[in-house]
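Please read the structure below before turning to the comments.
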Amino acid sequence: MNTKKSEKAYIEACKYLPGGVNSPVRSFRHLQTSPVFIKKAKGPYLFDIDDNRYIDYCLSWGVAVLGHAHEKVVKAAVKAVENGSSFGAATVYETQLASLITRLIPSIELIRFVNSGTEAVMSAIRLARAYTNRKIIVKFDGCYHGHSDSLLVKAGSGLSQLADKSSDGVIAESIQYTVSLPFNNIEALIDYFRQKGDQVAAIILELVPGNMGVIKPDLNFLETIQELSNKYRCLIIADEVITGFRFKEITAQQHFGLIPHLTILGKIIGGGFPVGAFGGKREIMELLSPLGPVYQAGTLSGNPVAMNAGLVTIEELLKPSNKRKLFDLASDFFSELQKALKPFNVQIEYVGSMFSIFLTDKPVTCFNHVNELSDKNFAQFYLHLLKKNIYLSPSKAEANFISLAHDEKMLDKTIEKIISVIKKNI
Ligand SMILES: *Cc1c(COP(=O)(O)O)cnc(C)c1O
């Protein structure tokens, strides 16, 4: 595989951009190589500037659920942009997307659109604190909720209140009311609530964590969250930025039967344009300005191009024939891959249309397990697959995705390539 142009482009990029990128995992730094630069994408394929073609399982971190540059989404975006790409004023596109989403996700009665998942979480936290008049936010180790200061916290060891920050520059005062507990650990959660439950404003979680690789939630764990929320009158914030529109039932909350007070959306709902959203119970959402005292605003929020592209994406995705096709394709692929991996010390975890491959013989159910996985092994696995023109999400701790543009033949081929790499190189 020739990647000369990408290598050159990376050197040039590093002159002007820290690490050559605008989001760190893209740099391939942890794979100890330079990244491929993408020229274009169509359907299930990415094309780099050296004209290598890859089958894409990262899909812009799950955004491209219809496949890249879907004809109808392109048309919708062009139509919107021809009429002006931003007005800083109200449009009917926003109402259309809001009406569709509130119809599909019953826990969302009112919704506000913003420009990223990070922004949506940040605003939802402010809202939860205002509504409950409490300070503490409970999150879980390995769950990612964007990069706002108060959520850059990973392993508050066990029940410790003194959470560890995940980034320099985050001051202790910004995270003193954030507590991170182990995911899927019911006892730790109950124990914490026994001590501080009446001070907790909200529990925020990815119902199916996708940012430490796909981890399945223990149903009793989710039930405990619902019970504690009732008992201690704290809010549940479901971060469905990845999982929203990744399930037959639309969201993970509907799939697992958890009812949150607030939900965070992003990624898929902007049809490939910058977007985020938070929504939930009317009574809570009505605290937002201009109705209430919780300030929140955005120059490009509800951007007409993103709204129209998102609307068409969701409509297309939810056509019964498309929905059936995507989930049949995904579940066949996952079970075939699982079967093929059986003889090897490799795990696959999957749910809806997302999956992760973990290079270990042990089950992976929490952040500690993911951290124990070898980076070197993953880098080898990844780079060999890349050479075979398979583009996975470039980290051992990330999710991969299937789109509507993938087909059975290429999925079968992918399984063959995965097995051949594991046999020869892992
Ligand atoms: C991607 C992601 C975010 C952050 O969204 P951005 O648009 O990247 O700011 C938040 N939560 C989850 C679960 C995500 O996957």
Side-chain angles (χ1 to χ4, degrees), residues 21-27 57-65 105 111-126 128 137-154 166-167 178 180 183 202-217 222 236-247 250-253 255-256 258 260 262-280 296 298 300-303 306-307 309-310 313 351-356 367 370 393-395 397-401:
V21 291
N22 289 300
S23 197
V25 183
R26 288 178 204 171
S27 70
Y57 293 94
C58 177
L59 295 167
S60 185
W61 307 98
V63 167
V65 67
I105 308 174
I111 187 165
R112 176 156 291 177
F113 294 107
V114 294
N115 299 294
S116 69
T118 296
E119 208 186 328
V121 170
M122 195 177 78
S123 305
I125 297 282
R126 185 181 304 145
I137 303 296
V138 171
K139 73 175 284 289
F140 298 101
D141 302 346
C143 284
Y144 178 68
H145 304 293
H147 62 89
S148 65
D149 279 18
S150 71
L151 288 157
L152 280 181
V153 176
K154 47 177 173 190
S166 300
S167 167
T178 310
S180 193
F183 192 76
I203 303 173
I204 184 167
L205 78 158
E206 292 181 81
L207 272 72
V208 181
N211 287 286
M212 50 173 156
V214 174
I215 302 278
K216 273 202 188 134
L222 296 182
I236 299 172
I237 305 176
D239 185 344
E240 301 236 32
V241 171
I242 285 191
T243 50
F245 297 93
R246 277 281 157 201
F247 284 85
I250 310 295
T251 54
Q253 59 187 266
H255 179 81
F256 291 109
L258 179 106
L262 294 171
T263 296
I264 316 292
L265 295 171
K267 299 198 165 97
I268 284 178
I269 66 160
F273 292 87
V275 86
F278 61 105
Q296 198 287 326
L300 291 167
S301 292
N303 177 267
M307 294 294 105
T313 300
V351 59
S353 57
M354 54 198 268
F355 70 105
S356 285
F367 195 39
V370 178
S393 295
S395 163
E398 298 283 1
N400 298 286
F401 304 92

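Not measured: the values here are computed from a predicted model. Whatever order the structure lists ligands and atoms in, that order sets their numbers, starting from 1.
Side-chain contact between F401 and K267 is absent, with no heavy-atom pair separated by less than 4.5 Å. Under the 4.5 Å side-chain criterion, counting only non-hydrogen atoms from C-beta, M307 is in contact with V275. No side-chain heavy atom of D141 sits under 4.5 Å from any side-chain heavy atom of M212. The shortest side-chain heavy-atom distance between F278 and I111 does not fall under the 4.5 Å cut-off. Residues L222 and L205 have side chains in contact (heavy-atom distance under 4.5 Å, counting atoms from C-beta outward).
Ligand 1 has no nitrogen or oxygen under 3.5 angstrom from a nitrogen or oxygen of E206. Between H145 and ligand 1, no pair of N/O atoms sits closer than 3.5 Å. At least one N/O-N/O distance between G117 and ligand 1 falls below 3.5 Å.
Ring geometry, F140 versus F183: the interplanar angle exceeds 60°, so the pair is classed perpendicular (tilted spans 30 to 60°).
Listed by number with element, the atoms of ligand 1 under 4.0 Å from a non-hydrogen atom of G146 are 4 (C), 10 (C). Under a 4.0 Å criterion applied to the non-hydrogen atoms of N211, ligand 1 contributes the atoms 12 (C), 13 (C), 14 (C), 15 (O). Residue contact check: I242 has heavy atoms under 4.0 Å from atoms 15 (O) of ligand 1. Of all atoms in ligand 1, numbered sequentially from 1 with element shown, those under 4.0 Å from a heavy atom of S116 are 7 (O), 9 (O).
Test I237, I242, T243 against E240 for side chain to side chain contact (heavy atoms under 4.5 Å, CB included) and you get one pass: T243.
Here the heavy atom of the protein found nearest to atom 8 (O) of ligand 1 is T118 OG1, 4.6 Å. Among all protein heavy atoms, the one lying closest to atom 11 (N) of ligand 1 is D239 OD2, 2.7 Å.
The backbone N or O of E206 sits nowhere less than 3.5 Å from a side-chain atom of D239 that would complete a donor-acceptor pair.
Under a 4.0 Å heavy-atom criterion, V121 is not in contact with ligand 1. Residue contacts with ligand 1 include K267, since one of its heavy atoms falls under 4.0 Å from the ligand.
No more than 12 heavy atoms of other residues, nucleotides or ligands sit less than 6.0 Å from atom NE2 of H147.
Of all the heavy atoms of I264, none lies under 4.0 Å from any atom of ligand 1, so neither backbone nor side chain is involved.
Under the 4.0 angstrom criterion, atom 6 (P) of ligand 1 counts as having a protein heavy-atom contact.
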